[in-house]
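Each remark here refers to the structure printed beneath this line.
Predicted model only: the values in this text are computed from it and were never measured. Note on naming: letters A, B, ... go to the chains in the order of the sequence lines (proteins, then strands), and numbering restarts at 1 for each one.
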Protein chains: 2
Amino acid sequence: MSNISIYKEKLRESGLRPTRQRLKICEVLFTPEKTFHFTINDLTKIIENKLSEKISLATVYNTIHAFKKKGYLKEISINSDKSYFDTNVTEHHHFFDEDTNELIDCSNEEIDSVNIKKNITGKKIKSVEVLIKVASDNQNQN
Amino acid sequence: MSNISIYKEKLRESGLRPTRQRLKICEVLFTPEKTFHFTINDLTKIIENKLSEKISLATVYNTIHAFKKKGYLKEISINSDKSYFDTNVTEHHHFFDEDTNELIDCSNEEIDSVNIKKNITGKKIKSVEVLIKVASDNQNQN
DNA sequence: TCAACAGTTTAGAATTGTTTTAATGTGAAC
DNA sequence: GTTCACATTAAAACAATTCTAAACTGTTGA
Ligand SMILES: [Mn+2]
Ligand SMILES: [Mn+2]
Ligand SMILES: [Zn+2]
Ligand SMILES: [Zn+2]
């Protein structure tokens, strides 16, 4: 039950050579039945610990950026410390749990579509996304 | 026509000593009639070029963080490169112009209030903000 | 089949934004 | 004025990310 040949094909279609490293990253990102959010650090840890593979950090960055450029990943900015990536590439909203630094999807059905009355002359809307920051009720929010 | 004594008072009320550096930063941030968005780099350039002052970078960071903590500034994350700050501390939404990297306010009257049907158990909503990315119509959006 | 080459990986260096350190300076209180 | 906690500073440290340049590898096509 390996998706490797499927990933090989997808990569070739995209003009990316199906290298060992890229196939491994495809497996980690696209085999799970549910989409998820991750940082580069998360991903390298999965590769190193769970898979006992060794892929250089530069390659992880290269690959993630290549996948993002092809539209297979989305980048999400929550705080300026680091980037989050999302294997759910549909337009959708997020909860951000400030206690755990965790992103949680909020589908479009769970938020009424945002009605924007203003527009910027000469500019086209590329995306509309809602970010809902949440935290434990009894929190010391300095 | 100087607001310095007002800023001095505000700082003292906040438990912050009204130092020369903080007063100068207050002037830059809070004297303009309109609120605005800036990065630390923007701010240091204003201080150095327009005002020919010299405030150490660490002090700029210290002061901005102190002002944020006191609620006089908001931090906005657009991309992970750098932080944006906002002298408009009310809850509001933003357009982000991908051509110019410019933030534009979108008041609550210009967006219908966001209706969220989902909630996260045990978590309280701290903020709900919409980010609308825009770009020139005829753009090469790789 | 295999030579050739463009694309890819890699370790490490460089860069950038930000934070920390530790020494020096200064506002406020007495 | 003296004192002390708070603040400023230059420089070092740090963390995320990007760049560099050399080695490697998938693919092409002779
Ligand atoms: Mn931050
Ligand atoms: Mn970025
Ligand atoms: Zn998501
Ligand atoms: Zn704003």
Side-chain angles (χ1 to χ4, degrees), chain A residues 4-5 7-28 37-45 47-48 51 53-70 72-73 75-85 101 142, chain B residues 4-5 7-28 37-48 51 53-70 72-73 75-85 101 103 142:
Chain A
I4 288 183
S5 45
Y7 298 139
K8 270 188 179 166
E9 193 46 39
K10 277 263 167 65
L11 287 168
R12 280 206 196 85
E13 282 171 15
S14 313
L16 299 171
R17 286 189 187 165
T19 62
R20 185 167 45 78
Q21 293 85 346
R22 285 173 175 166
L23 288 168
K24 191 49 73 179
I25 291 173
C26 279
E27 252 184 271
V28 173
H37 307 101
F38 65 94
T39 63
I40 294 286
N41 186 46
D42 295 336
L43 180 54
T44 51
K45 271 188 185 140
I47 293 166
E48 281 170 22
L51 307 183
E53 292 274 333
K54 166 65 183 159
I55 301 181
S56 101
L57 185 57
T59 299
V60 175
Y61 274 101
N62 288 342
T63 302
I64 292 310
H65 286 148
F67 286 4
K68 181 193 170 188
K69 187 174 255 183
K70 293 296 176 185
Y72 303 146
L73 288 175
E75 191 170 0
I76 299 170
S77 287
I78 296 298
N79 59 47
S80 54
D81 299 345
K82 54 172 70 80
S83 268
Y84 287 73
F85 293 89
N101 272 20
N142 67 313
Chain B
I4 288 183
S5 46
Y7 297 140
K8 269 188 180 167
E9 193 46 38
K10 277 262 167 65
L11 286 168
R12 280 206 197 89
E13 280 171 16
S14 312
L16 298 171
R17 287 187 186 166
T19 62
R20 185 167 45 77
Q21 292 85 347
R22 283 172 177 166
L23 288 169
K24 190 50 76 179
I25 291 173
C26 278
E27 251 184 272
V28 172
H37 307 100
F38 65 94
T39 63
I40 294 287
N41 187 44
D42 296 337
L43 180 53
T44 52
K45 271 187 185 142
I46 293 171
I47 293 166
E48 282 172 19
L51 307 184
E53 292 273 334
K54 168 63 183 161
I55 301 180
S56 102
L57 185 58
T59 299
V60 176
Y61 273 101
N62 288 343
T63 302
I64 293 311
H65 287 147
F67 287 4
K68 181 192 170 190
K69 188 175 255 183
K70 294 296 176 183
Y72 304 146
L73 289 175
E75 192 171 1
I76 299 169
S77 287
I78 297 298
N79 60 47
S80 53
D81 300 344
K82 55 171 70 80
S83 267
Y84 287 75
F85 292 90
N101 271 22
L103 272 172
N142 66 311

Phosphate contact (D:dT17 OP1 or OP2) by A:H65 side-chain N/O below 4.0 Å: no
Checking B:S77 against A:N79 for the side chain to side chain contact (heavy atoms under 4.5 Å, CB included) test, could you report, in this order, the C-alpha distance in whole Å, the side-chain angles of both residues, the deciding distance, and whether it holds? CA-CA 5 Å; B:S77 287; A:N79 59 47; 4.2 Å; yes
Rounded to the nearest 0.5 Å, how far apart are CG of A:L16 and CZ of A:R22? 5.0 Å
How many Å lie between NZ on A:K82 and C1' on C:dT16, as a whole number? 16 Å
Is the shortest side-chain N/O distance from A:Q21 to OP1 or OP2 of D:dT25 below 4.0 Å? no
Taking only the side-chain heavy atoms of A:I40 (C-beta and beyond), determine which of D:dA5, D:dT17, C:dT19 contains the nearest atom. D:dT17
By the 4.0 Å heavy-atom rule, please label A:N62 as base, sugar-phosphate, or nothing. base
Under 4.0 Å between a side-chain N/O of A:T59 and OP1 or OP2 of C:dT10, yes or no? yes
Contact under 4.0 Å: A:R20 side-chain N or O vs C:dT9 OP1/OP2: no
Can you see whether A:N62 engages A:T59 through a side-chain donor-acceptor pair at a distance of less than 3.5 angstrom? no
Interatomic distance, OG1@B:T44 vs NZ@B:K54, rounded to 0.5 Å, equals 9.0 Å
Given D:dA7, is OP1 or OP2 found less than 4.0 Å from the side-chain N or O atoms of B:R22? yes
Report the distance from atom CG of A:N79 to atom P of C:dT18, rounded to the nearest whole Å. 11 Å
Output yes when at least one side-chain N/O atom of B:R12 is less than 4.0 Å from OP1 or OP2 of C:dA28, else no. yes
What is the distance, rounded to the nearest whole Å, between atom CG of B:L57 and atom C1' of D:dA12? 13 Å
Base, sugar-phosphate, or nothing for B:T19, non-hydrogen atoms under 4.0 angstrom? sugar-phosphate
